[in-house]
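These notes concern the structure reproduced below.
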Protein chains: 2
Amino acid sequence: MSKRSGVLEFAVLGLLRESPMHGYELRKRLNTSLGMFRAFSYGSLYPCLKTLVGRGWLVEEPGPEAQDPLAGALSGRRAKIVYRLTAEGKEHFEELLAHSGPDAWEDEHFGVRFAFFGQTEREVRMRVLEGRRSRLEERLDRMRASLARTRERLDDYTLELQRHGMESVEREVRWLNELIETERASRDRRSGPDPSDTAK
Amino acid sequence: MSKRSGVLEFAVLGLLRESPMHGYELRKRLNTSLGMFRAFSYGSLYPCLKTLVGRGWLVEEPGPEAQDPLAGALSGRRAKIVYRLTAEGKEHFEELLAHSGPDAWEDEHFGVRFAFFGQTEREVRMRVLEGRRSRLEERLDRMRASLARTRERLDDYTLELQRHGMESVEREVRWLNELIETERASRDRRSGPDPSDTAK
DNA sequence: GTTTTCATGTAACCCGTTACATGATTCA
DNA sequence: TGAATCATGTAACGGGTTACATGAAAAC
């Protein structure tokens, strides 16, 4: 029933798709490789892994050291649990990757989506980047409007905070512009410059 | 009992300190004037107001239109509830303002603290700005270290994401540097340039 | 041999949102 | 008169954290 709306879920599936791992290692990768923009604790990771197993997207496997006859002989030892993506799990993740709905470019989701762009279709990448950009442009419009309405009643610090906030958003828009540009260029290089396209 | 660790609580007290308001208006101010960096819904605002009243930091007052004899005569009408900061509430908020502990420069708190810098002592402002800056510098160190360790195993998109993330943090550090500079300049202008200070 | 780091989990809580319910006032 | 906006609230849920408990393996 639970939606598991899923930044964490998405990231876990994505990382496990590259290679099986146990929880501890997974968490480190979440907070470094992928991380910077979001941190997770074991308190959320392990329960998440459990529910993914419950849905058949992951399987728990004994760690490789279970092959070791010495360790195997000693009963009662708790082996590392290595999580591996199942076929259904892979299929599900690919569906998620193909999706480019509005939620894909919200603040919380965009970062993790971008982190897996390497596995994402070019067209989907474009839609997500452009969606994100127009999302931010809407926000800029609202900020500018609100600033125009309230400029005089605000003190210097509040004003400075808003100015800095707007600059941050403008900066991200420029970044997206560059990325979109690059994507387009590499697409055009592939299919050859199309006069009917560039003439527009 | 509840901690109410309080971005919302802080902002409510701060806004009501400037002038009494009813909930609806309060929420708008939270999401525009102060806002951009955080939004709140009624579902969190009204319960928060209730608990603040419960602690004696706010009082509910009938809206000004209750003075209107016509409206007052019509029984059963639900008046707007105007919230006003009590003396204890004001005292409490000033304690919060004076505080410059580590939590003041965390991501979640820093924005709201900055928004009320207009009401904050110069020394406290300095400590918060400097605390925030060193917090971000630590983060940069960790990012650089992690990047150096993992650079080759990462694909282009992940790398680009990290690069952009680091640039964002670096940019905020530069912003803080300017703010600190400005604060220092205005302080020095006050007390006159001190040779023993500038010689260092 | 002891401290660190690796490794797995659980229970309680926190701060907030969404969706809903209700009704008054203003504007077209 | 009907729609938009003003205005106040509640119940259920959501996605996470903190603090705790446990124990093996590695490093010193």
Side-chain angles (χ1 to χ4, degrees), chain A residues 1-12 20-31 35 37-53 58 60-66 68 70-72 74-83 103 106-109 112, chain B residues 1-12 20-31 35 37-53 58 60-66 68 70-72 74-83 103 106-109 112:
Chain A
M1 286 298 138
S2 60
K3 275 279 175 62
R4 278 264 164 245
S5 85
V7 171
L8 179 52
E9 179 179 311
F10 187 91
V12 165
M21 260 178 282
H22 54 262
Y24 190 86
E25 194 183 345
L26 202 45
R27 192 235 179 184
K28 281 202 307 187
R29 304 265 320 249
L30 284 168
N31 295 311
F37 60 90
R38 189 136 196 191
F40 294 99
S41 61
Y42 299 121
S44 40
L45 176 58
Y46 284 113
C48 174
L49 286 168
K50 285 274 159 80
T51 78
L52 293 180
V53 169
L58 303 183
E60 298 182 350
E61 291 182 338
E65 76 285 357
D68 181 350
L70 265 76
L74 299 162
S75 68
R77 96 185 287 264
R78 179 167 60 170
K80 286 196 235 180
I81 299 170
V82 172
Y83 291 90
D103 44 326
E106 292 303 313
D107 291 333
E108 331 84 286
H109 292 49
V112 91
Chain B
M1 286 299 136
S2 59
K3 274 279 177 59
R4 280 264 166 243
S5 85
V7 172
L8 179 53
E9 178 179 310
F10 187 91
V12 165
M21 261 178 280
H22 54 262
Y24 189 87
E25 193 183 348
L26 202 44
R27 193 236 178 184
K28 281 202 307 188
R29 303 264 321 249
L30 282 168
N31 295 311
F37 62 89
R38 189 134 194 193
F40 293 99
S41 62
Y42 300 121
S44 39
L45 176 58
Y46 284 114
C48 174
L49 286 168
K50 286 273 159 81
T51 79
L52 293 181
V53 168
L58 304 183
E60 298 182 348
E61 290 182 339
E65 77 285 356
D68 180 349
L70 265 77
L74 297 162
S75 67
R77 94 185 290 263
R78 179 167 60 171
K80 287 196 233 178
I81 299 170
V82 173
Y83 292 89
D103 43 327
E106 292 303 315
D107 291 332
E108 329 85 283
H109 292 50
V112 90

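Residue numbers begin at 1 in each chain, while the letters A, B, ... track the order of the sequences.
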> Just checking B:G43: base, sugar-phosphate only, or nothing, at a heavy-atom cut-off of under 4.0 Å?
Replying inline: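 Result for B:G43 = base.
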> Base, sugar-phosphate, or nothing: which does B:F10 touch, judged by heavy atoms less than 4.0 Å apart?
Replying inline: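 No contact.
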Between atom [atom1] in [X] and atom [atom2] in [N], what is the gap in whole Å?
X	N	atom1	atom2	value
A:L30	D:dG16	CG	P	11 Å
B:Y24	C:dA24	OH	P	17 Å
A:E108	C:dT18	CD	C1'	14 Å
A:H22	C:dC6	NE2	C1'	7 Å
B:Y42	C:dA19	OH	P	16 Å

> Out of D:dT8, C:dT8, C:dT17, which nucleotide sits closest to the side chain of B:S41?
Replying inline: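 Minimum distance to the B:S41 side chain belongs to C:dT17.
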> Among D:dG15, C:dG16, D:dC6, which is the nearest nucleotide to the side chain of B:V7?
Replying inline: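 Out of D:dG15, C:dG16, D:dC6, the nucleotide with an atom closest to B:V7's side chain is C:dG16.
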Validation row: [X], [Y] side chains within 4.5 angstrom (heavy atoms):
X	Y	result
A:I81	A:H22	no
B:V82	B:M21	no
A:V112	A:L8	no

> Is a side-chain N or O of B:N31 found less than 3.5 angstrom from the main chain of B:F40, in a donor-acceptor match?
Replying inline: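 Yes.
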>> Below the 4.0 Å mark, does C:dT17 have OP1 or OP2 next to a side-chain nitrogen or oxygen of B:S44?
In response: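 Yes, B:S44 has a side-chain N/O under 4.0 Å of OP1/OP2 on C:dT17.
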